[in-house]
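These notes concern the structure reproduced below.
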Amino acid sequence: MVNWSEIDAKWQAAWREAKLFEPEPSDKPKFYLTVAYPYVSGPMHIGHGRTYTIPDVIARYKRMRGYNVLFPMAYHFTGTPIVGAAKRVARREPAFVKVLTECYRIPREMLNEFENPKFYAEYFARQSELSYRKGMEKLGHSIDWRREFTTVDPAYSKFVTWQYHKIQAAGLIVKGRHPVKWCPNDGNPVTDHDLLEGEGVEIVEFTLLKYRYGDQILPAATLRPETVFGVTNLWLNPAASYVSVRVGGEDWIVSEQAVDKLRHQGFDVGEVRPVKIDFTKKVEVPLIHKMVPILPASFVDPDNATGVVGSVPAHAPYDHVALLELQENPEILLSYGIDPDEVAAIRPISLIEVPGYGESPAVDVVERLGIRHQKDPRLEEATAEVYRNEFAKGRMRSWVTKYAGMPVSQAKKAVREELLATNEGSTMFEFSAKPVTCRCGSPVVVGVVEDQWFLNYADEGWKRKARDCLARMHLVPPETREQFEHTIDWLHEWPCTRIVGMGTPAPWAPNWIIESLSDSTVYMAYYTISHLLKTVDPNSLTDEVFDFVFYGKGDPQQLSRSTNIDVEKLQRMRREFSYWYPLDYRMSANELIPNHLTFHIFHHALLFPDLCPRGVVSFGIAVLEGQKMSSSKGNIVAIHEAVARYGADTVRLYLMSTVEPWQDFDWRASEALAMQKNLERFVSLAEEIISLPDEKMSTLDQPARWMLSRLQGHIRGATEALDNFETRKATQHSFFMMMQDVRWFMKRESRPEVRAHVLRRVLDVWLRLLAPLVPHICEELWEKLGKQGFVSTADWPAVDERLVDREAELAESFVLRVIDDVAKIIKVMKRQPKKLCLYVAPPWKWRAFQIALEYCRTGAVDLGRLIKEVEEKLELHLAKAELVRLLQQMVQEIRKMPAQELDLAASGVLDEQAVLKEASDFIRGEFSLSEVHVYSADDQSRYDPQHRAALSLPLRPAIYLE
RNA sequence: GCGGGGGUAGCCAAGCCAGGUUGAAGGCGCUGGCUUCAGGAGCCAGUCCCGUAGGGGUUCGGGGGUUCAAAUCCCCUCCCCCGCACCA
């Protein structure tokens, strides 16, 4: 049993005291990596454990490779979720309180403190056992803690202020209006976290077509303005209440429910009066100015947009079905005073042609599905199908002169533009699904925020800079490049200010807060000086200070006088930044590619065009026993619990071993436990090796040469893996394969002095290979092995080419193959043999083998020619049938064998007889035999009662068992 | 719809780009043997099917093709996951 927690604590303290991870600028080459700082709205769990262990492993590896490594960390406080969580505590929401008190064991009497967002954040940032700080320390992360900060620190705000001054000066902050989910009760925008229901519901923009109804306007809402050319009538729901309302200078008729929506969306809404719809009146369609009737329809939802709907039966299944119903039921029409003959005359007007459909797609689909009533739920699916196909493949018909031949996707925009330009249309936002309800219980509406500030990512010049930056970056995995490129193309104005939440006031509009993704784009630069800023009065951090630190602009003497910051300190900050920047690698979750990671490229491209990050590594998501983790629901495994149960090294190794960083990770308790046992086995193996006498070098025999050669392969494998951020592959080589090989060697090597000598050499290297992955136990064993200093700062092992021994590896795999064959035979003969005879192929068969190998190399084997050539060259006295059989077998064998081994074998370095004789004692033991004999197949004195020797082939000796 | 990723033996997961160590690494699970002051310990072996001599049959979502040779290359097809914004 290993006392993991004791070892963890011992070495974490030792590293801290030695200030091992507090790098200073020097003349050593540097390696600077960062990972997205945590948003501290809950405990650190194993998903985060993985996120932060990956960079730690890389940092530790690079440190051993001789780099001066900077790995800093901070905490993200900015934004709404923490504030939202504090609010939920204030409201004492039962489910949330339960998670806090039961899952996270927060005493109930402390709850009122959690109503304060800052306390809340601090608690999970660094105060409690559940915190990120404690979790990372417990995992042994090699972080320079001197540099930690939070995004609400005054100095950080100064840095954000500097940054936004720069962006503003570049003309990339623009103002506009922006739709948001809005709670009228709270008077605030709400995020998805604030919703009781309606999470993920989108805001869609409808076009309003202004139909003239006498002096009034009926604004019909549609997502398909291009279909205006096919309008046959207007729909209103007779069961709904419509009102007349002043909007701007116009008199609109909309559903009662629409009035508030318009108001929230910034329309100038005046007096509201009830109105009775006169279904006998005609309305004038905008743009085409034709008169159409108003018809009653129950499918019209008064709570969706304006409650007024235009009818395009050729392209809208609802419209088509509703019209059919009216045509079949004239009595309904009569009750509204509508002339049934007029309605009976209405025909769908097709304006879009779509491959795969007839004249009117909506009619086709309705007929195919057999839909007869406007309340049929399948109309949703029918509408989606028609919409999708027309949008993707449809073109405007030739009669729609102005837009003839235009793809629907374009026509939609063009028609909309025309409607807006002629004031025959307007726009309105609506939710894509309902209901949307705030946690306070109030229904949420779409609110349009005026005076919203945006980062103008749509700016072509900025995009170009971002693309240039991206082109120079190394991306892991490489497939992410397309995602980044796509994101840069498609990103447009990003609303970068908020009304609520913690953060930095926008410099030009202090009533707004810089939004939390927008304040976290270039903070990697801030880390380089964050420890020094702790001794500086934040008020003295003017833009000029940052200009000097980041750009070297200005005179430090003068700057010192104006700011009261020591010149040395200013120069030291400048030196830190100049030394560490650019960032070598940025690591983050791949779900952040569409926003944070691309933003960080944009902002670097603007602020540090010559110092863009060199690379990005994107991580996959983590799940727990196949289930999505959720801090707010409490289904997580907290880091401090995992470390307490398994030890830091087990957690680290498990996190690194099952998948590569960019793949999705699944934590399974049973596998974590298994990993702990594996690690304990390693420890007892290592301790056994350490207890062996330190033998002097003696001649290395076959198993020893094999072991040392395999070791070189694993050094190479692990090195390549970590160079490519492949933690899983590194673990495979450094841990699992090493375990297998060492065990095999211990079993195989019979001479104690050779075994001791080789194993001690192996362990010296092995501990260093494992140190980035499981640093605590490696330090412990490194010390026990009698090595000086920390293994964490020891040299990473280099491949010793002199120990690479392909012959030894070939010989060993040859022995293994023979053992395998013998085992198979014993299994089939179903009794325990006493005696084993092995007959290795005679020289002439090797020559035939070489010739056959040449044939195989060129592709198709002409067996006839091969036989002829072998006969001629070897002058054999052999029955033709026998030779044919033999060569066929050889070709088959060659096809099955590894190419490199074959080449080596064919060169004749392998003395089969000698290798098998060396291994014969081992083989005897393996099968509990009493005798093992090795003969050449042409040895006249051999014991061979069943004439097996004739079956021998190169690399496949004949076998006889009795 | 747009963009990205993926389907491999009971499970996870390598391999695929550069076709030939591929019945297919490694881990987990399971089975057997050994060891053991039977304990969720350790060690060894096995783990697609058939087979009293190292063999044969059939496998990498499905179908087709290229090739002496395909999990790997090409074509078609089915299915799954993630992102699409104001949310960190």
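Naming convention: chains lettered A, B, ... in sequence-line order (proteins, then strands); numbering from 1 in each chain.
No contact: A/Gln452 has no heavy atom under 4.0 Å from any strand. Counting any heavy atom pair closer than 4.0 Å across all strands shown, A/His76 reaches sugar-phosphate atoms only and no base atom. At a threshold of 4.0 angstrom between heavy atoms, the contacts of A/Ala958 include nucleobase atoms, whether or not backbone atoms are also involved. Contacts of A/Leu961 with the nucleic acid, taken as non-hydrogen atoms under 4.0 Å apart, include base atoms. The residue A/Gln892 sits close only to the backbone: its heavy atoms come under 4.0 Å of sugar-phosphate atoms, none of a base. When heavy atoms are screened at a 4.0 angstrom cut-off, A/Pro957 is found touching base atoms of the nucleic acid. In this structure, A/Leu491 reaches the bases: a heavy-atom distance under 4.0 Å links it to at least one base atom across the strands shown.
Residue A/Glu515 has its side chain nearest to B/A88 when only B/A88, B/G54, B/G26 are considered. Comparing B/G54, B/C86, B/A88 against the side chain of A/Ser516 picks out B/A88 as the nearest. Distances from the side chain of A/Gln732 to the nucleotides B/C86, B/A25, B/C2 place B/A25 closest. Relative to the side chain of A/Pro81, the nucleotides B/G26, B/A53, B/A88 differ in distance, and B/A88 lies closest. Among the nucleotides B/C87, B/G27, B/G54, the one closest to the side chain of A/Trp494 is B/C87.
For A/Arg224 and A/Glu390, the salt-bridge test passes: some basic side-chain N is under 4.0 Å from an acidic carboxylate O.
If you check B/C48 for Watson-Crick or wobble pairing at under 3.5 angstrom, you find it paired to B/G57. Across all strands shown, B/A9 forms no Watson-Crick or G-U wobble pair with both distances under 3.5 Å. Across all strands shown, B/C2 is found opposite B/G83 as a Watson-Crick or G-U wobble partner, with both distances under 3.5 Å.
Taking atom CZ on A/Phe484 and atom P on B/C84, their separation rounds to 15 Å, with Å as the unit. B/C86 atom P lies 12 Å from atom CZ of A/Phe429, rounded to whole Å. Straight-line distance from the OH atom of A/Tyr523 to the P atom of B/A88: 14 Å, rounded to whole Å. Separating the CH2 atom of A/Trp662 from the C1' atom of B/A14 is a distance of 13 Å, rounded to the nearest angstrom. The CG-C1' distance, from A/Asn595 to B/C82, rounds to 14 Å in whole Å.
Toward the 5′ end of RNA chain B lies the nearest nucleotide of A/Leu673, the other residue of the pair A/Leu673 and A/Pro495 mapping further downstream.
No side-chain donor-acceptor contact under 3.5 Å links A/Asn590 to the backbone of A/Ser618. A/Asn456 places a side-chain N or O within 3.5 Å of a backbone atom of A/Ala458 that can act as its donor or acceptor partner.
You'll find the side chain of A/Thr497 stays beyond 4.5 Å of the side chain of A/Glu515, heavy atoms only.
Only the C1' atoms considered, B/G5 is 16 Å distant from B/C17, to the nearest whole Å. B/U72 and B/U66 have their P atoms separated by 15 Å, given to the nearest Å. Taking atom P on both B/C81 and B/C73, the two are 25 Å apart, rounded to the nearest angstrom. Comparing the P positions of B/C44 and B/G27 gives an interatomic distance of 11 Å, to the nearest angstrom. The same atom, C1', is picked in B/C28 and in B/A9; the two are 14 Å apart, to the nearest Å. A gap of 25 Å separates the P atoms of B/G61 and B/C2, to the nearest Å. For the P atom pair drawn from B/G62 and B/C11, the interatomic distance equals 14 Å after rounding to whole Å.
Scanning all heavy atoms of the two residues, the minimum distance from A/Gly620 to A/Arg50 falls at O-NH1, 3.1 Å.
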Identify each atom pair where a protein N or O and an N or O of nucleotides 5-13 of chain B are less than 3.5 Å apart, giving names and distance.
residue: B/C11; atom: O2'; partner: A/Arg668; partner atom: NH1; Å: 3.4
residue: B/A13; atom: O2'; partner: A/Arg728; partner atom: NE; Å: 3.2
residue: B/A13; atom: O2'; partner: A/Arg728; partner atom: NH2; Å: 2.5

Write down the protein N/O and nucleotide N/O pairs, taken from nucleotides 41-45 of chain B, whose separation is under 3.5 Å; answer none if there are no such pairs.
residue: B/G42; atom: OP1; partner: A/Arg681; partner atom: NE; Å: 3.2
residue: B/G42; atom: OP1; partner: A/Arg681; partner atom: NH2; Å: 3.3
residue: B/C43; atom: OP1; partner: A/Arg743; partner atom: NH2; Å: 2.5
residue: B/C43; atom: OP2; partner: A/Arg681; partner atom: NE; Å: 3.3
residue: B/C44; atom: O3'; partner: A/Lys747; partner atom: NZ; Å: 3.1
residue: B/A45; atom: OP1; partner: A/Lys747; partner atom: NZ; Å: 3.3

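Atom CZ of A/Arg645 has 12 or fewer neighbouring heavy atoms from other residues, nucleotides or ligands inside a 6.0 Å radius.
Cation-pi check for A/Arg748 over A/Phe922 is met; the charged atom lies under 6.0 angstrom from the ring centroid and within 45 degrees of its normal.
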